[in-house]
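Along the sequence shown, residues are numbered consecutively beginning with 1. Keep in mind it's a predicted model, so treat the numbers as computed, not measured. Indexing begins at 1, ligand by ligand and atom by atom, following the structure's order.
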Amino acid sequence: MSWERQINIKSLEHIKIMREAGHINAAVLASVKELLQPGATTADLNAAAEETLKSHGCVSPFKGYGRPPFPASITVCINDEMVHGIPHPKRKLKEGDIVSIDCGTIHRGFVADSAFSAGVGEISPEAQNLLQVTEGALYAGIAEMRKGRRTGDISAAIQNYVESRGLHVTREYTGHGVGRKMHEGPQVPNAGKAGSGLLLRPGLTIALEPMVLIGTHETRVLPDQWTVVSADGSLTAHFEHTIAVTEGEPLILTVL
Ligand code: MG
Ligand code: MG
């Protein structure tokens, strides 16, 4: 069965463990964020993440994932790179870059998955706006993560938030359920129709992850078979949290 169809409702105990995983994942991302300075290499960022993961006795589900196996614990994307960038010891950050970091943490058999984008030093007003819109789109999606709503309500909220601000949201890469595996159902696209899709109920845990592009929504994959870039070379950004649907407010699991 494909991952999109494996929907697992979590108990309160499972969600508690995922909250711990999310807390550790947030600490990992914070340790990477401190290093976003000109001259740091993307391999330095991965090393910092691995050190923080190790200090909590955890590993990332990214390492060894897929074909060809992903070689690092985080993905690092610069400027037009949107997702799945491979850290490299010769790739240095420069003043004015925007960098997207995605990390997962496996803790007591459960996964937390989260990402952020940030600038290196001074960034352009256009880049600043891109970051704000992408993070805003994530929170617009989270606001829909309530019992009784549908996955299409989340997708529509993200799409409307981005497009009403003149930017573009990816069609190919989606949010996803997360739990014992990094990818479970339901799949939650970043664009869609309100009122459609799976009915949300307490115990669903979903990673929402809007990826926003300035030029068009088109992307392509580089010859390394991992790095996804905007087709037109325009800037992109990516924010992600793992969130639980509860009886009440959405519960963001991947925060400190
Ligand atoms: Mg992620
Ligand atoms: Mg994800």
Side-chain angles (χ1 to χ4, degrees), residues 2-4 6-8 10 18-19 21-33 42 45-46 49-50 52-53 58-66 69-78 81-87 98-107 110-118 131 134-135 137-139 141-142 145 151 154-155 158 169-192 204-212 219 221 226-228 236-245 250 252-255:
S2 61
W3 66 262
E4 297 91 336
Q6 294 175 341
I7 293 167
N8 300 308
K10 281 77 177 182
M18 288 184 69
R19 176 70 189 90
H23 186 84
I24 296 165
N25 204 62
V28 174
L29 290 179
S31 69
V32 173
K33 199 169 191 176
T42 58
L45 306 181
N46 183 61
E50 292 192 344
T52 310
L53 281 163
C58 295
V59 291
S60 166
F62 292 13
K63 205 161 190 176
Y65 186 88
F70 193 80
S73 295
I74 61 172
T75 66
V76 184
C77 292
I78 302 176
E81 298 165 357
M82 187 177 80
V83 282
H84 306 165
I86 302 173
I98 59 171
V99 186
S100 301
I101 309 289
D102 194 345
C103 186
T105 294
I106 305 173
H107 168 72
F110 284 87
V111 175
D113 185 10
S114 181
F116 72 95
S117 299
L131 298 185
T134 311
E135 189 169 22
L138 172 58
Y139 284 91
I142 292 172
M145 283 202 48
T151 53
I154 301 170
S155 304
I158 291 172
V169 72
T170 184
R171 298 301 192 272
E172 290 107 326
Y173 300 90
T174 72
H176 52 90
V178 54
R180 290 190 189 277
K181 290 190 179 154
M182 181 161 62
H183 293 127
E184 303 180 348
Q187 191 170 39
V188 184
N190 286 302
L204 276 172
T205 46
I206 297 174
L208 293 187
E209 47 180 319
M211 298 154 215
V212 177
T219 59
V221 180
W226 276 107
T227 313
V228 179
T236 71
H238 177 208
F239 281 84
E240 177 179 32
H241 273 307
T242 298
I243 305 110
V245 179
I252 303 176
L253 302 173
T254 39
V255 284

H176-E209 side chain donor-acceptor pair, cut-off 3.5 Å:
yes
By side-chain contact (heavy atoms from CB on, under 4.5 Å) - contacts of V221 (at least two apart)
Y173, V228
Do we see a donor-acceptor contact under 3.5 Å between the side chains of H241 and T254?
yes
Which residues share a side-chain hydrogen bond (donor to acceptor under 3.5 Å, both in side chains) with T205, sequence neighbours left out
K10
R171: salt bridge (charged side-chain N to carboxylate O under 4.0 Å, His left out) partners, not counting sequence neighbours:
E163
If we only look closer than 2.8 Å, how many protein N, O or S atoms does the Mg ion (ligand 2) have near it?
4
Taking all atoms of both residues into account, what is the closest heavy-atom pair of S73 and K63, and its distance?
OG-CD, 3.8 Å
